[in-house]
Amino acid sequence: MLDNTTKQKINTLRDILVGKVSDPKSQVEQITIALFYKFMEDMDNELIHDLGVEAKFFSGEYAKYSWRNLFAPSLSGEDMLNLYREAVEKMEENPNIPSAFRDIFKRAYLPYNDPATLRMFLKVIDDGFHYSHSEMLGDAFEYLLSILGTQGDAGQFRTPRHIIDFVAACVNPQKGDVICDPACGTAGFVIAAYKHILKQNTKTNTGDLLSAEDKKKLAQNLIGLDIDPMMVKLALANMYLHGFNDPHIYEYDSLTSEDKWDDTYDVVLANPPFMTPKGGIRPHKRFTTQANKAEVLFVDLISSHLTANGRAGIIVPNGIVATTQTAYKKLRKILVDDSLIAVVSLPA
């Protein structure tokens, strides 16, 4: 459960950034980068204090970028700005940090040049957040992601939490299932599937009925794909904060690339982006339904990638149910013939 203090701190970070970074998506990226920068310092400190070993993440040529060095009294505001900018731009090359972290820092940059804003921003991060795999921190990050709202230009819509949970409950993923969201956004459906499985396998403590082998297999079986590098970055961060050290989230164009076409899944949960660009999408030729509309192609793709006993829960626009164009009618026939279970209407 997200506590009000943490929620207020996230809102404060947004308030600090809003004058310099107006786009909510960019605000979330900047907060994510700063949080993980701070978390690396926290983890290094745990190694030093608890195990008596040297810092791991900020070592060698990267030692000068340690979070603590940003707050050195000798640094002017301009020096702090330059050190932070250089650090976030170089961190994706740091060989000492997990690959998931390098992906989070991929193509990272500081989009403003105001030392006072940066100092205020980093001070809130420094005072308010400490690394942990706790549920609280995962909930805090989910709240941060909730501010993304609707990204209309990309046809992306953040799915409300209660709808995600409803779809996951209906589809009922199991611990041995291979689970995928081919347009995963910030990994909301992937994490919902994970939480659903944990709940199913709890007697006293969360997930206590899962063996170590079950947990290892579950971590390997949760897969997210997205075309948007920013969404991949946020999904990786979200998964990491929910306890996945090596999340299987990949940048991938599900509609035009054939690289993963032969992969199949026991469960697919998705709310794909359904905005079709001008001129249509140019998919490859392996789709069952030849079309250039995103909603037709995504539903076709999902139905084509289920195992023999696979099942899916997909949020679709009403056109999939009602439009009379040939591609839509063909798709509906395929779905009905191939064991469509239900259509659930979601009024505004």
Novice: Would you verify whether the NZ or CZ of Lys38 falls within 45 degrees of the ring axis of Phe129 while also being under 6.0 Å from that six-membered ring's centre?
Specialist: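 Judged by the rule, Lys38 and Phe129 form no cation-pi pair.
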Novice: Just jot down the salt bridge (charged side-chain N to carboxylate O under 4.0 Å, His left out) partners of Asp114, sequence neighbours excluded, or say none.
Specialist: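 Per chain and number, Asp114 pairs via salt bridge (charged side-chain N to carboxylate O under 4.0 Å, His left out) with Lys20.
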Novice: Search all heavy atoms of Lys175 against all heavy atoms of Leu218 and return the closest pair with its distance.
Specialist: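 For Lys175 and Leu218, the tightest heavy-atom pair comes out as O-CD1, 4.3 Å.
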Novice: May I ask you to check whether Tyr194 and Phe244 place their ring centres under 6.0 Å from each other?
Specialist: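 Yes, close enough.
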Novice: Examine distances only and state if a side-chain atom of Arg14 and a backbone atom of Gln27 form a donor-acceptor pair shorter than 3.5 Å.
Specialist: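 No, the answer is negative, given that no donor and acceptor are paired below the 3.5 Å cut-off.
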Novice: Check this for me, if you would: do Lys293 and Asp300 make a salt bridge, where the nitrogen-to-carboxylate-oxygen distance has to be below 4.0 angstrom?
Specialist: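 Answer for the salt bridge query: no.
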Novice: For residues Asn238 and Thr186, is any side-chain donor paired with an opposing acceptor at under 3.5 Å?
Specialist: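 The answer is no; no qualifying pair exists.
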Novice: Can you tell me if Asn172 and Gln174 form a side-chain donor-acceptor pair at under 3.5 Å?
Specialist: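 Short answer, yes.
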Novice: Are the side chain of Asp177 and the backbone of Ile179 linked by a donor-acceptor contact shorter than 3.5 Å?
Specialist: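 It does not hold such a pair.
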Novice: Between Phe36 and Phe101, is the ring centre distance below 6.0 Å?
Specialist: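 They qualify: ring centres under 6.0 Å apart.
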Novice: Is it true that the side chains of Asn11 and Tyr143 contain a donor and an acceptor less than 3.5 Å apart?
Specialist: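 On atom types as modelled, these side chains qualify, holding a pair under 3.5 Å.
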Novice: Return yes when atom NZ of Lys90 has more than 12 non-hydrogen atoms of other residues, nucleotides or ligands closer than 6.0 Å, and no otherwise.
Specialist: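 More than 12 within 6.0 Å, yes.
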Novice: Under 3.5 Å, is there a donor-acceptor pair linking the side chains of Arg85 and Asn113?
Specialist: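 Checked: Arg85/Asn113 side chains pair up, N/O donor to acceptor below 3.5 Å.
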Novice: Return yes when atom CG of Asn309 has more than 12 non-hydrogen atoms of other residues, nucleotides or ligands closer than 6.0 Å, and no otherwise.
Specialist: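 Atom CG in Asn309 is not crowded, with 12 or fewer foreign heavy atoms closer than 6.0 Å.
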Novice: Where do Leu301 and Ser254 come nearest, in terms of heavy atoms and distance?
Specialist: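 The answer is CD1-O, 3.1 Å.
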Novice: Tell me if the aromatic rings of Phe58 and Tyr37 count as close, with their centers under 6.0 Å from one another.
Specialist: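 Yes; Tyr37 has its ring centre under 6.0 Å from that of Phe58.
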Novice: Take atom OH in Tyr112; do more than 12 heavy atoms of anything else shown fall under 6.0 Å from it?
Specialist: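 Atom OH in Tyr112 is packed in, count exceeds 12.
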Novice: Taking only residues two or more places apart in sequence, or in another chain, which ones meet Asp253 in a salt bridge (charged side-chain N to carboxylate O under 4.0 Å, His left out)?
Specialist: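 Here no residue qualifies.
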Novice: Does one side chain, of Asp15 or Thr12, offer a donor that lies under 3.5 Å from an acceptor on the other?
Specialist: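 Per modelled atom types, Asp15 and Thr12 side chains form no pair under 3.5 Å.
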Novice: So, Thr323 side chain and Ile320 main chain: donor-acceptor pair closer than 3.5 Å or not?
Specialist: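 Such a contact is absent between Thr323 side chain and Ile320 backbone.
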Novice: State whether Arg107 and Glu251 are salt-bridged, where the test is any N-O pair (Lys NZ or Arg NE/NH1/NH2 against Asp/Glu carboxylate O) under 4.0 Å.
Specialist: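 Looking at Arg107 and Glu251, the cut-off is met.
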Novice: Under 3.5 Å, is there a donor on one side chain and an acceptor on the other for Glu295 and Tyr328?
Specialist: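 Glu295 vs Tyr328: donor-acceptor pair found between side chains.
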Novice: Which class fits the ring pair His305 and Trp261: parallel under 30°, tilted 30 to 60°, perpendicular over 60°?
Specialist: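 Correct class here is perpendicular.
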Novice: Going by an N to O cut-off under 4.0 Å, is there a salt bridge joining Lys333 and Asp338?
Specialist: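 No, Lys333 and Asp338 are not salt-bridged.
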Novice: When you check the gap from the basic side-chain N to the acidic O, do Asp226 and Lys233 get nearer than 4.0 Å?
Specialist: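 Salt bridge absent between Asp226 and Lys233.
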Novice: Do you know which two heavy atoms are closest between Asp44 and Lys56, and how far apart they sit?
Specialist: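 Looking at all heavy atoms of both residues, the shortest contact is OD1-N, 2.7 Å.
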Novice: Hey, are Asp103 and Lys106 close enough for a salt bridge, meaning a charged N less than 4.0 Å from a carboxylate O?
Specialist: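 Lys106 and Asp103: salt-bridged.
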Novice: Salt-bridge test for Glu142 and Lys195: reply yes if a basic N is under 4.0 Å from a carboxylate O, no otherwise.
Specialist: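 Yes, charged N to carboxylate O under 4.0 Å.
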Novice: Please check if the number of heavy atoms outside Phe71 that lie under 6.0 Å from its CZ is greater than 12.
Specialist: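 It does: Phe71 CZ has more than 12 such atoms within range.
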Novice: Got a salt bridge between Arg286 and Glu258, using NZ or NE/NH1/NH2 to carboxylate O under 4.0 Å?
Specialist: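 Salt bridge flag = yes for Glu258 with Arg286.
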Novice: Suppose we screen for side-chain hydrogen bond (donor to acceptor under 3.5 Å, both in side chains). Which residues come up paired with Arg332, at least two apart in sequence or across chains?
Specialist: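 For Arg332 there are no side-chain hydrogen bond (donor to acceptor under 3.5 Å, both in side chains) partners, ignoring immediate neighbours.
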